[in-house]
Protein chains: 2
Amino acid sequence: MTVQEPRTRIQRKNHLAILDAALEVFSRQGFGAATLDQIAAEAGMSKPNLLYYFKSKEAIHLTLLSQLMDIWLDPLREIRADGDPVEEILGYVRRKLQMSREMPRESRLFAHEIVQGAPHMRPELESVLRPLVDAKATVIGDWAEAGRIAPVDPHHLIFSIWSLTQHYADFDVQVRAVLGDGRDPFAEAEEHLDRLFRRMLAP
Amino acid sequence: MTVQEPRTRIQRKNHLAILDAALEVFSRQGFGAATLDQIAAEAGMSKPNLLYYFKSKEAIHLTLLSQLMDIWLDPLREIRADGDPVEEILGYVRRKLQMSREMPRESRLFAHEIVQGAPHMRPELESVLRPLVDAKATVIGDWAEAGRIAPVDPHHLIFSIWSLTQHYADFDVQVRAVLGDGRDPFAEAEEHLDRLFRRMLAP
DNA sequence: GTCTATAACAAGATAGAC
DNA sequence: GTCTATCTTGTTATAGAC
């Protein structure tokens with residue numbers, strides 16, 4: 001019988017080790033190409049031991065996705081309707097870019113899942129992502145209508161923030177290949193995106 | 001012995017059928033998760049027959065990538081130094097967005113390859129992509145220095161164009177899940193991106 | 001000789017028994 | 001934790017059809 005809710009300290013530790021190893025492997029290879037052997041090796045345990053904690057490869061993947069969905073949307077949740085519009089949006093951009101820098105594996109895990117058509121996450125896109133985006137889009141739309149930021153389609157503004165920030169995590173190899181050595185893509189991106197959104201949003 | 005250069009009409013036809021089927025399958029699943037069975041079924045032929053034309057799964061993938069690299073960079077090559085700066089850049093954005101709409105499979109194929117660290121394409125990133133981007137970045141940088149567009153880091157401007165346009169192909173599922181039915185993401189994106197870049201680039 | 005399909009193989013996968 | 005059953009994969013004979 002597999003362990004559902006980790007209770008003892010050793011269970012918690014192994015759960016975390018497996019999920020971290022799986023994040024490493026899934027984010028590099030995608031779900032289909034990843035193997036339990038790789039995950040087990042990365043986690044430093046045998047394959048059957050791994051399957052004692054999670055009943056299947058897919059179970060690990062699903063656990064990862066649902067755990068990360070929350071963390072991933074936190075920066076968006078922090079947008080306050082009563083703050084300064086431009087600074088609220090720029091703060092969101094900064095938080096999102098920081099997540100790309102500090103959590104590139106999580107970013108790539110989601111990228112893989114979405115590019116493949118979200119075979120494991122489609123329901124949550126509708127039930128979790130969409131309502132949150134709609135709520136924040138309303139806030140942004142109100143700001144635009146009140147003339148506090150330039151006219152903009154709020155949904156597409158959010159798409160733009162996602163794509164511009166996640167690009168530096170998901171396409172890291174390409175960015176570095178183009179920029180060459182000795183540059184800090186994320187530091188440059190922070191300045192570039194700050195300028196971009198200030199010009200775009202200025203009323 | 002496998003067929004290298006298609007000579008007869010039937011060879012050409014089968015080559016194209018295989019590459020099209022492989023594009024379909026690789027772009028949905030990525031290289032590792034895709035199987036020759038799927039590609040053969042999609043191409044309407046048996047697996048050994050497929051391997052009569054390409055000597056391995058990787059050979060098909062490499063052929064696809066190198067063929068597409070050229071097409072993929074054409075919109076960037078079209079930027080003219082002697083044109084109107086804002087219109088040249090906006091034209092590039094439009095062409096790139098149009099490619100996302102008309103060639104989403106190609107976009108996702110590249111996305112898979114890059115997200116996984118470009119295991120089959122790293123050399124070409126350095127030898128083909130980077131020199132072209134550097135050349136166009138010089139053009140854009142000159143425009144900025146001459147005050148014909150707003151100050152901007154040219155390389156990051158190009159990254160922004162890539163990410164903003166390809167997002168609508170690669171993350172199509174997410175975009176549609178958030179927007180809901182009855183909307184045309186690409187039509188909306190065209191207007192949104194036109195506004196975004198006009199504001200961003202206005203001198 | 002050009003092309004295609006049936007059959008089989010060796011490697012490696014998930015999952016589970018011991 | 002070793003070991004194994006079962007399945008699937010990429011690839012290779014082998015041999016038949018245009």
Side-chain angles (χ1 to χ4, degrees), chain A residues 1-4 6 8-65 109 112-113 116 119-120, chain B residues 1-65 109 112-113 116 119-120:
Chain A
M1 172 81 145
T2 58
V3 174
Q4 304 267 2
T8 71
R9 194 174 302 113
I10 194 167
Q11 281 180 1
R12 230 181 295 269
K13 175 169 153 291
N14 281 338
H15 253 259
L16 288 176
I18 291 169
L19 289 175
D20 187 74
L23 175 59
E24 183 70 31
V25 175
F26 285 144
S27 69
R28 277 204 316 257
Q29 322 224 353
F31 176 76
T35 71
L36 287 180
D37 276 307
Q38 294 174 297
I39 299 172
E42 184 83 26
M45 64 181 72
S46 70
K47 200 163 37 170
N49 196 15
L50 187 153
L51 286 168
Y52 168 75
Y53 289 97
F54 291 89
K55 75 172 190 298
S56 70
K57 179 183 169 184
E58 195 163 25
I60 305 176
H61 193 236
L62 289 173
T63 302
L64 266 183
L65 285 177
L109 181 77
H112 269 118
E113 174 67 11
Q116 292 179 18
H120 302 108
Chain B
M1 176 69 151
T2 59
V3 174
Q4 302 266 3
E5 285 297 317
R7 301 215 151 266
T8 72
R9 197 174 301 115
I10 194 167
Q11 280 180 6
R12 232 181 293 270
K13 175 170 153 291
N14 280 338
H15 254 257
L16 288 177
I18 291 168
L19 289 175
D20 188 74
L23 176 59
E24 184 69 31
V25 175
F26 284 143
S27 69
R28 278 204 314 257
Q29 322 225 352
F31 177 77
T35 72
L36 288 180
D37 279 307
Q38 293 173 296
I39 298 173
E42 185 83 27
M45 63 182 72
S46 69
K47 197 163 46 165
N49 194 183
L50 188 154
L51 287 168
Y52 170 76
Y53 290 97
F54 290 89
K55 75 172 192 296
S56 70
K57 178 183 173 185
E58 195 164 25
I60 305 176
H61 193 236
L62 289 174
T63 302
L64 266 183
L65 285 178
L109 181 77
H112 269 119
E113 174 67 11
Q116 293 180 17
H120 302 109

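This structure is a prediction, so every number in the text was calculated from the model and none was measured. The analysis underlying the following values was restricted to heavy atoms, covering all of them including side chains, and did not include hydrogens, waters or symmetry mates. All chains are named by letter (A, B, ...) in the order of the sequence lines, taking the proteins before the strands, and each is independently numbered beginning at 1.
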Under-4.0 Å side-chain N/O to phosphate OP1/OP2 contact, B:Tyr52 with C:dC3: yes

Is any side-chain nitrogen or oxygen of B:Gln11 closer than 4.0 Å to OP1 or OP2 of C:dT2? no

Tell me, please, which residues at least two apart from [X] pass side chain to side chain contact (heavy atoms under 4.5 Å, CB included).
| X | answer |
| --- | --- |
| A:Pro119 | A:Glu113, A:Gln116 |
| B:Leu62 | B:Glu58, B:His120 |
| A:Ala17 | none |

Parsed dot-bracket for DNA chain D after applying the Watson-Crick and G-U rules with both distances under 3.5 Å and | for other-strand partners is ||||||||||||||||..

To the nearest angstrom, the CE-P distance between A:Met45 and D:dT2 comes to 14 Å

What does nucleotides 11-18 of chain D look like as a protein-contact string, B for base, S for sugar-phosphate only, - for none, at under 4.0 angstrom between heavy atoms? BBB-----

Nucleotide N/O to protein N/O under 3.5 Å, stretch nucleotides 9-11 of chain C:
none

Listed by chain and number, what are the side-chain hydrogen bond (donor to acceptor under 3.5 Å, both in side chains) partners of [X], not counting sequence neighbours?
| X | result |
| --- | --- |
| B:Glu42 | none |
| A:Asn49 | none |
| A:Gln38 | A:Thr35 |

Measure the acute angle between the ring planes of B:His15 and B:Phe54, then classify it against the limits of 30° and 60° as parallel, tilted or perpendicular. tilted

Give A:Ala34 one of three labels, base, sugar-phosphate or nothing, depending on what nucleic acid heavy atoms sit under 4.0 Å from its own. sugar-phosphate

Salt bridge (charged side-chain N to carboxylate O under 4.0 Å, His left out) contacts in which one or both residues fall within residues 27-41 of chain B, not counting sequence neighbours: B:Glu24-B:Arg28, B:Asp37-B:Lys47

